[in-house]
Each structure stands twice: as C-alpha cells, then as structure tokens.
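Protein chains get the first letters and strands the later ones, always in sequence-line order, with residue 1 at the start of each.
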2 protein chains.
Amino acid sequence: MGFGQILSRIENVIPKLTQSEQKVARFVLSVPEEVMFMSVQEMASRSLSSSASVVRFCRSLGLKGFPELKVALSADLAQDQKSGYYDLNKNENTTDLVDKILSNAVQSLRDTVGLLDTKMIEKTAHDLYNAPAIFAYGVGASALVAEDIAQKWLRLGKNVYALSDIHVLTMSMANAPKGSVFIGISYSAATKEVVQLMKFAKKMGLVTISFTGFGKSELSELSDYNLFTSLAPEAKVRSAATGSKHSQFFIVDVLYYVCASIDIETSLDKIQRTSDAIQDLKQFDTTDRSNREKND
Amino acid sequence: MGFGQILSRIENVIPKLTQSEQKVARFVLSVPEEVMFMSVQEMASRSLSSSASVVRFCRSLGLKGFPELKVALSADLAQDQKSGYYDLNKNENTTDLVDKILSNAVQSLRDTVGLLDTKMIEKTAHDLYNAPAIFAYGVGASALVAEDIAQKWLRLGKNVYALSDIHVLTMSMANAPKGSVFIGISYSAATKEVVQLMKFAKKMGLVTISFTGFGKSELSELSDYNLFTSLAPEAKVRSAATGSKHSQFFIVDVLYYVCASIDIETSLDKIQRTSDAIQDLKQFDTTDRSNREKND
DNA sequence: TTAGATTAAGTAATATTATTTCAATATTAT
DNA sequence: ATAATATTGAAATAATATTACTTAATCTAA
C-alpha cells in the first residue's frame, strides 16, 4: 500500500506547500471525515481556495488525484478508530445502535487491556496451574463468568467448582487441599456474598483472586491477586453489565491461554481428550441405529 | 456512525441482488484493493456488467454512489490490517498474547456486525417483546449464552427459562402459550440436543430462533429467524470457543437493546424494579444490626 | 397459453466531478 | 526597476458518475 498515515503526512508537508495549498491542507486536517464525501469544487469553496489548488495539493502529497485523497483518508481514519463509549439514545435506528454497542464493547476491551498487569496475570496463571482445586463464585452476570472459568479449566483437567449454592461451595472449600484457589467475581466489588466467601477463603488459607472493576475496594484488598476490568460509564439500560461482561470474559480468556501455555503439550492433550469425549458420547446413543452399527 | 464492514455486508446481500449486480459484487469481493482505484466504466467492463449495474449495486448496499464504495472499501481494508485473526504460538510473551487475543475478539465482533441483518434483528426483538414465555437452550459454552438471555429478559419482566435439564425444558415448552419463543444456541449448529428441541418447538408452534455460526445448517433452516455469528478459524487451544462466545453475547446485547427500545419507558421502569429489588433484599438481612435499625 | 405487467439490464444521453490550460498577478533575484 | 519565476483561480476540457430510456426477459393472471 502506498499511503500510510496520510494525516501525519499532510502535517509534515505543510511547510513546503504554497499558501493556497496550505489552506487546503489545514481544511483537510480540520474535518477529514467530511472531506471523504466532498467534491473538489466543494472543497475549493469551503477551504477558500480553488479546485486547481485542491488537485495540486493532492499531487504534492504524492497522490494521483483527489479521489485518492478520499480513499487515503478513509483508510487512515478507520485505523485509529477511537471507538469511545457512546450513550444509547431513545429513537435510534438499529444500525446506529449496533455500531454503538460494538464501539462500547471494543473500547471496554481495549481499556481492560490497558489496565492489565502482565506480571500479575502470569503469577495468577501459575497458581491456577498448580492448584489442586479451583473455586469460582459470582452472582448475577458474574455467575456466568464463574461458569466460564469452570468450563475452561475443566478442559485442562482441573478440579474446578463454580457452584451457585453458597453453602455447598463453602463446605467444599472447608476441605480444600493446600494451594487451592478461590476466585471471587464482582464487577461492582460490592457484592456481599462474594466478600463473605473471600474472607472465608483467606481464613482457610486458599490462594485468593478477585475479578473486579478498576479501583481499590475491600474485595481487591482482601485478595492475593486482583485482575481489573475497565470501568465503563454504565447507563440505565446497560445495567445488565454489558461492556463489563465482555471484559470479564476477556480476562478469563487471557488467563486460560497463559495457564495452558505453561505446559502447552500436556494442555493440548487434555483439551483433546475432552473433545474426544464429546464425540465418543454420541456413540452410546441407543436410538441412532446407523451410528451403532458402525461402531460395534 | 459510518458504514462498518462493507465486505461482509456485500457477502450478506449477495443472495438478494439481481444477477448482474451479483457479478459486480463478486468482482468487488475478489479484488477490493483494486476497486478502490477504478472508475465505474472500468468496473463495468472488468466485472462483465454495465456502469448502470455498478451504480445500482452501490445503491443496494445503502451507499449514495460509487465513490462512497471506494471510501468504504478503504476503511474496511485498513481495519483488517489492524485486527485480523492471529494464531497463538508456543513461547509467546504475555503482552503479545494479550494483543492477539484482543485482536481476535475485536475482529470476531466486527465480522459479526458485518453479518448482522438488522431487519431480522428487529423482527426477532419484536417477537421476543410480545412473547408470553421465552425458552433458551444451549450446551457447553452456549449454555452461558442461554443463561445470559435469561438474566436479561428477566429484567424486562419476561417469563424466561434457560433450563439445562432437557426433559424439564421440554415439559415446560409442551404447555407454552401461543406466541412463546424458543431460542436454540449452537455455534457449530450441530449439537444434537439443540436440533431436537428446535424440532419439538416447531411442532408445538413456538416461534423459533437460532443462534449459530454463519452458514446454512439444519438448525438455521428449521428456525423462523436465525442470527449468525462470524465463523472464526478456531485453533486447538481456542476450542473453548473464545471469539465466538464474545460474538454470541454481542448479539444478545443487541437484541436486548432493540427489544427494550420497543417501549423504553416501560422497560426502564421494569429494569429499575429489579435493581431496587436487589437493594431491598439487603434490608432483610437478620445479621446486620445497623442496617436493620435504619430501616424498620 | 398468452396479453399485460413487472423486472432486469445495457446503451446512450446527461449531469457531475476532476483535471488541465492559460492568463493574470504576485514574488524574487539581479 | 525589471526580467524571470512562481502562484493563483477562472474557464475549458476531460473524465467519471448517474440517469433516462429502450429492449429483453420473466412473471402473473385470465
């Protein structure tokens, strides 16, 4: 591709341009996203220059002509999509709504990556790798995250419990072997039950991990390791924890990969066994004649 | 908000286009990076159609004209550079790993948005809004999606069931009132239990929705509405359905917002009641003296 | 089946947009 | 000051995009 960052290239060449080309340049820098849809004549009048100058400006950038400028701008703007947080309005058309939800999700993920402490991730993954048992707990949307953790580490052959019944979970932890891990999940960091269990886990000598929204909290203070997700401005409708859920799952993904990487051969082997098991299961279907005949 | 993902949008609309427009569409998909620098006439001759068909094709995509197609393509291609699908290597340092997982997640979401049929979303949301009861079912990772659906529509005051016990779920559906909805979730579209339930739901006259990876399948054919997620190249370690899970949750988010928007005042009111309920619950804590004294 | 209606698609006319030419004006060097 | 040079925009031209119109093809209903 010829044109990399056209915007910064414009900034660089400005001093070398003639006056009227500079006018064009500054105009492009001021509203690049509008320029993409303008004609030369419109550009000329709005930048107080002439169509000839617009074309000359494009040539000065090394482009073949004005249409190429549009294409170059589009590529540039698409790259550093800032994708910030957007609020959802009342009578929004569905397409815009989808774009905004996407943007919010992406931004939330990016912010979470920004907060990620890789050393902390590695240590946490290591402790999980060595844990004889893993307990994960969260309520509401966070219960889904706990369940995701269970499904993932199950595939790595771990003893992992994401029990929703707090009494049963407490009893399980009471007899947990040394080195076992408790993961408490609460985006708000304020869920009473999670804090309770975290305190109990500490008392039992378990390794403790918290998944919370960014910031100091009783929960994060209590835990040995804390993995933060970004704090998104959560609006009313959003309150079912949309952006934050993506971030929480993302952290689980990361932890899972890092943990599996510690001994990738063994991990892949164990994952394969779980896949095979599902395949095998079908073989025992008593109603599917063709299948049975093939296999016995 | 701009036009996202023009390439997958093209793939999506191809079936609905006229023959000569399809020729244009396929040509664009084959050499998008050349199209950015072509004229309408060149496009017409190279795609073995006419300039009129080229313009009509652009209109069919919702664009104003051909120049906008160039701009859209440029944006799309620039994005792909930034976040494609990456394979995870063996001795990767954690920072790179995190970047790749992020990139994969983002790409998966973007591709899913590209495949999204907004009309389908709207119709689906409407049927969910009017449903006297909603049943969601998935196994493994898809069970989490079903549970997410349950939690979200619960907040909108719906009768929604994400039972993991297939017998209990079947029995619930047997007496479901007219207009009830069944949502079958299977990324592979091949999960036997989901297909079974889908067939049963149809027999019972329920409105049926499938959440599957993109493409024709028995499951998608059976259902009244199908909402596709992008098909990511899933590697071994990834097999715990990482990228696709984000996409599935994303679609749930979109459906939820669109559904809530149908009557936003009522929806907000109901959501508020669920939040208040959780707050209220604390008040009944028998152990917390200070709290009790404040409230009774 | 067939007349009439509808849709699709390409050609040619037109409108729009981009580029070049050129004369006027400004700037610089001597 | 004046010739040489550079810059500029209006207007001409070239190019490109869009529309209008014709014809062919497909569908529909009697």
Side-chain angles (χ1 to χ4, degrees), chain A residues 2-3 6 9-10 12-29 31-76, chain B residues 2-3 6 9-10 12-76 119:
Chain A
F3 39 71
I6 197 76
R9 195 145 100 219
I10 293 173
N12 282 328
V13 298
I14 279 192
K16 293 174 187 166
L17 298 175
T18 66
Q19 263 194 303
S20 70
E21 285 182 60
Q22 289 196 9
K23 283 198 271 183
V24 178
R26 273 190 287 271
F27 179 74
V28 173
L29 290 176
V31 282
E33 58 296 318
E34 287 184 45
V35 171
M36 294 195 298
F37 304 103
M38 282 183 191
S39 68
V40 180
Q41 350 278 344
E42 196 182 349
M43 274 279 289
S45 83
R46 289 197 53 190
S47 65
L48 306 174
S49 66
S50 66
S51 58
S53 295
V54 172
V55 175
R56 286 187 200 112
F57 163 73
C58 296
R59 297 273 157 79
S60 299
L61 289 173
L63 303 171
K64 248 190 74 189
F66 179 65
E68 283 200 2
L69 177 68
K70 295 179 174 186
V71 171
L73 282 173
S74 179
D76 202 342
Chain B
F3 33 65
I6 197 76
R9 196 144 99 217
I10 293 173
N12 211 30
V13 298
I14 279 191
K16 292 172 188 163
L17 297 176
T18 67
Q19 265 193 303
S20 69
E21 285 181 61
Q22 289 195 8
K23 283 198 269 184
V24 178
R26 274 190 286 271
F27 178 74
V28 174
L29 290 177
S30 70
V31 283
E33 56 299 315
E34 288 184 43
V35 171
M36 291 194 300
F37 304 104
M38 281 184 191
S39 68
V40 180
Q41 351 277 346
E42 197 182 348
M43 274 278 290
S45 82
R46 290 197 53 191
S47 65
L48 306 174
S49 66
S50 65
S51 56
S53 295
V54 172
V55 174
R56 285 194 274 257
F57 163 72
C58 297
R59 297 272 157 79
S60 297
L61 289 173
L63 304 171
K64 250 190 72 190
F66 179 66
E68 283 200 1
L69 177 67
K70 296 179 175 186
V71 172
L73 282 173
S74 179
D76 200 341
K119 284 280 161 287

Counting only N and O atoms by type, is there a donor-acceptor contact under 3.5 Å from the side chain of A:Arg59 to the main-chain atoms of A:Lys64?
yes
Taking heavy atoms of chain B and a 4.0 Å limit, find me the 5'-most and 3'-most nucleotide of DNA chain C within that range.
C:dA8 to C:dT11
Do you know which of B:Glu34, B:Gln22, B:Met38 makes side-chain contact (heavy atoms from CB on, under 4.5 Å) with B:Phe27?
B:Met38
DNA chain D contacts made by residues 41-48 of chain A, counting heavy atoms under 4.0 Å
none
Output field dot_bracket for DNA chain C (Watson-Crick or G-U, both distances under 3.5 Å, | for other-strand pairs) contains ||||||||||||||||||||||||||||||
Measure the spacing between CZ of A:Arg26 and CD1 of A:Ile14 and express it to the nearest 0.5 Å.
6.0 Å
Output the rounded distance in Å from CZ (A:Phe57) to P (D:dG9).
15 Å
Donor-acceptor pair, side chain of A:Arg9 and main chain of A:Leu61, under 3.5 angstrom
yes
Is there a side-chain contact between B:Phe66 and B:Met43 in this structure, where contact means two heavy atoms from C-beta onward sitting under 4.5 Å apart?
yes
Under 4.0 angstrom between B:Arg56 side-chain N/O and D:dA20 OP1 or OP2
no
With a cut-off of 6.0 Å (strictly less than), are more than 12 heavy atoms of other residues, nucleotides or ligands near CD of A:Glu33?
yes
Could you state the interatomic distance from CG (B:Leu73) to CD1 (B:Ile10), rounded to the nearest 0.5 Å?
6.0 Å
What distance separates B:Cys58 SG from B:Ile6 CD1, expressed to the nearest 0.5 Å?
8.5 Å
Judged by atom type as modelled, is there a donor-acceptor pair below 3.5 Å linking the side chain of B:Lys70 to the main-chain atoms of A:Val71?
no
Just by modelled atom types, is the A:Ala75 backbone N or O under 3.5 Å from a matching donor or acceptor in the B:Ser74 side chain?
yes
Applying the side-chain hydrogen bond (donor to acceptor under 3.5 Å, both in side chains) criterion to A:Glu21, which one of A:Ser60, A:Ser47, A:Ser49, A:Ser53 satisfies it?
A:Ser60
In whole angstrom, what separates A:Lys64's NZ from D:dA15's P?
11 Å
By nearest-nucleotide position on DNA chain C, the 5'-leaning member of B:Ser20 and B:Ser51 is B:Ser20
Rounded to the Å, how far apart are A:Gln19 CD and D:dG9 C1'?
14 Å
